[in-house]
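Basis for what follows: all heavy atoms, side chains included, without hydrogens, waters or symmetry-related copies.
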Amino acid sequence: MQKRIDELDRLLAGGLAPLYVVHGDETLLALEAADAIRARARQDGYQEREVLTVESGFDWSSLTAAASSVSLFADLKLLEIRIPSGKPGTEGGAVLAAFAARLPEDTVTLVQLPKLERAQMSGKWFSALDAAGIVLAAQPVERRELPAWIARRLERQQQRLTPDALAFMADRVEGNLLAARQEIDKLALLHPPGELDLDALRAAVANVARFDVFKLSESWLAGDVARVTRMLAGLKAEGEAPVLALWSVAEELRGLIRLRVGLKDGKPLAALMKENRIWGERQRLVEPALRRLSQARLQAALGQCADIDRAIKGAGDGDPWDKLEHLLLALSRTP
């Protein structure tokens, strides 16, 4: 049963399920979810804990043995199954499916997985786990969701931020939830409960934002000029290679051009989105970008990418980062 990870506290308050699956690439959220499940299990008397880590050469019969073994020390057990690769293989998939079909009594099982591809989540073993327990996805917190995420964390320690202070903090910790939690914890140590303004926050919060080149396209697709500038400066300061940033932009431009051509041929946008594997959040960003950018403008931008590529290779003039910023700011603005 798929559930949002922010629902976990409410779900645990209603009692433990026999099986939990935590997957995703947001480390902080995955760790916190696993810790919350362990804490509730200890509270409910699950004193024994057994951990199986699936690595190369793992003997899957050990899972069957763990499920059927009777503890000499405790009546209740927490069984953790960690699969760092997210790929149990044919044998492992069959064992997991059989395990999910007949969960052991007096045992709470926690399966921990990395970010999974769509094909993996469609596999029989994952579907069996989904049907038998609660599945939680530890997904990155998007920039537009980050202020609310920070506000909820602060509320737990009876603190709140003024709107400008909240926006300031979100800018400083974007893309780095581990650091965001540290900064929130720091505020609890430095300030009493109540409202904090921008001046108090400036003195306490470090600039710990981390940027991902694959998030860069989100900013210019959304037309967020300030975020484009901030992300490019952050990527450059972190020593990111401009060639990777340029590649992500060029790939996005090619995708928009394909959509433009399809629309010109009379195909519905929804079908084109599916055909080009554009899902969820990206659909929300792509639609306004298509309204803002003509096919001619997209083609010209792709030509500018070639010019930036020559600059990166030393065969052209100018600083690649400056040229990339000029291009993305132009793509962000409505003509």
Assess whether a salt bridge exists between Glu50 and Lys77, defined as any Lys/Arg side-chain N lying under 4.0 Å from an Asp/Glu carboxylate O.
yes
Can you tell me if Lys267 has over 12 outside heavy atoms packed within less than 6.0 Å of its NZ?
no
Is there side-chain contact between Ile150 and Val173, with heavy atoms separated by less than 4.5 Å?
yes
Shortest non-hydrogen pair, Gln159 vs His191, comes out as NE2-O, 3.0 Å
Should we say atom CG of Asp265 is surrounded by more than 12 heavy atoms from elsewhere, each under 6.0 Å from it?
yes
If you round to the nearest 0.5 Å, how far is CZ of Arg181 from CG of Leu29?
10.0 Å
Please answer whether the main-chain N or O of Ile184 pairs with a side-chain N or O of Gln157 as donor and acceptor at a distance below 3.5 Å.
yes
Roughly how far, to the nearest 0.5 Å, is the CD atom of Glu252 from the CD1 atom of Ile257?
11.0 Å
Atom CD of Glu105: over 12 foreign heavy atoms under 6.0 Å:
no
Between Lys323 and Asp319, does any side-chain N to carboxylate O distance fall below 4.0 Å?
no
Can a donor-acceptor pair be found, under 3.5 Å and without considering hydrogens, that links the side chain of Arg40 to the backbone of Leu12?
yes
May I ask you to decide whether Arg4 forms a salt bridge with Asp6, counting only side-chain N to carboxylate O separations under 4.0 Å?
yes
Can you find a heavy atom in the side chain of Leu253 that is under 4.5 Å from one in the side chain of Cys305?
yes
Does the distance from a Lys or Arg side-chain N to an Asp or Glu carboxylate O, for Arg152 and Glu155, drop under 4.0 Å?
no
Distance from Leu232 atom CG to His326 atom NE2, nearest 0.5 Å?
13.0 Å
Just do the side chain to side chain contact (heavy atoms under 4.5 Å, CB included) check on Trp220 and Leu327 with the steps written out, would you?
CA-CA 10 Å; Trp220 67 263; Leu327 169 61; over 6 Å; no
Do Glu287 and Met273 have side chains that approach each other closer than 4.5 Å (heavy atoms only, starting at C-beta)?
yes
Which residues end up grouped with Trp60 if you chain together Ile, Leu, Val, Met, Phe, Trp and Tyr wherever their side-chain heavy atoms are less than 4.5 Å apart?
Leu19, Val21, Leu52, Val54, Phe58, Leu63, Leu79, Ile81, Ile83, Val95, Leu96, Phe99, Leu103, Val111, Leu113, Leu116, Met121, Trp125, Phe126, Leu129, Val135
Check whether any side-chain N or O of Arg260 sits under 3.5 Å from a backbone N or O of Leu293 as a donor-acceptor pair, and report yes or no.
yes
Could you go through the salt bridge (charged side-chain N to carboxylate O under 4.0 Å, His left out) check for Arg82 and Glu80 one step at a time?
CA-CA 6 Å; Arg82 300 174 181 175; Glu80 296 190 29; 3.1 Å; yes
Could you go through Arg49 and Arg38, starting from their C-alpha distance and side-chain angles, then the distance that decides it, and tell me whether this counts as side chain to side chain contact (heavy atoms under 4.5 Å, CB included)?
CA-CA 9 Å; Arg49 179 180 171 216; Arg38 294 185 192 109; 3.4 Å; yes
Sidechain-backbone polar pair: Gln120 side chain, Glu117 backbone, donor-acceptor under 3.5 Å
yes
Distance-only, no hydrogens or angles: does the Ser219 side chain make a donor-acceptor pair with backbone N or O of Ser217 under 3.5 Å?
no
Should the pair Arg258-Glu275 be classified as a salt bridge under the 4.0 Å nitrogen-to-oxygen rule?
no
Lys215 and salt bridge (charged side-chain N to carboxylate O under 4.0 Å, His left out): which partner among Glu240, Glu142, Glu174?
Glu142
If you apply the rule side chain to side chain contact (heavy atoms under 4.5 Å, CB included), what do you find for Asp106 with Tyr46, and how did you get there?
CA-CA 9 Å; Asp106 300 326; Tyr46 290 78; 5.7 Å; no
Salt bridge Glu26-Lys115, side-chain N to carboxylate O under 4.0 Å:
no
Decide yes or no for Arg227 and Arg230: does some side-chain heavy atom of the first lie under 4.5 Å from some side-chain heavy atom of the second?
yes
Would you call Leu78 and Glu48 a side-chain contact if the rule is heavy atoms closer than 4.5 Å?
no
Using a strict threshold of under 4.0 Å (side-chain N to carboxylate O), is an ion pair present between Asp171 and Arg143?
yes
Is there a side-chain contact between Leu146 and Leu177 in this structure, where contact means two heavy atoms from C-beta onward sitting under 4.5 Å apart?
yes
Calculate, to the nearest 0.5 Å, the distance between atoms CG and CD belonging to Leu28 and Gln182 respectively.
9.5 Å
Least distance between heavy atoms, Leu216 atom then Ala245 atom:
CD2-CB, 4.2 Å
